[in-house]
Amino acid sequence: MKHWRAVTGEEGCAAVLHLIVAARGGINGLMAEVIEDHIRMHVVDPAKDTERRRGAEELIEAVQSYLK
């Protein structure tokens, strides 16, 4: 609830910005881990070449969407 109170006006702008930065950092860390796992499983060591191509395409789409 503290986060919601910060956003609804009981906290200053700086506190809200710090919350946003913390959330963004958490999401970025999670994204990096998922991308690393995807590369290892579907690009570096896939069962088949078709899986490698599909894995690479999925990764490209995810990165493009994330960076927009």
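It should be emphasised that the depicted structure is a prediction, and the values quoted were computed from it without experimental measurement.
Taking the side chain to side chain donor-acceptor pair (under 3.5 Å) definition, one finds that Glu51 meets it with His42, sequence neighbours left out. By the side-chain contact (heavy atoms from CB on, under 4.5 Å) test, Met41 is found to be paired with no residue, residues two or more places apart in sequence or in another chain being considered. With sequence neighbours left out, the side-chain contact (heavy atoms from CB on, under 4.5 Å) criterion links Glu57 to Ile60. Legend: residues meeting side chain to side chain donor-acceptor pair (under 3.5 Å) with Arg40, ordered by chain and number and at least two apart, are Glu36. Residues that satisfy the side-chain contact (heavy atoms from CB on, under 4.5 Å) test with Asp45, not counting sequence neighbours, are absent from this structure.
Alongside Leu30, the hydrophobic cluster contains Val34 (criterion: ILVMFWY side chains under 4.5 Å).
The structure places CZ of Arg24 at 12.5 Å from CE of Met31, a figure rounded to the nearest 0.5 Å. One distance of note links CD1 of Ile39 with CG of Leu59; it measures 5.0 Å at 0.5 Å rounding.
A heavy-atom distance below 4.5 Å is found between the side chains of Asp49 and Arg52.
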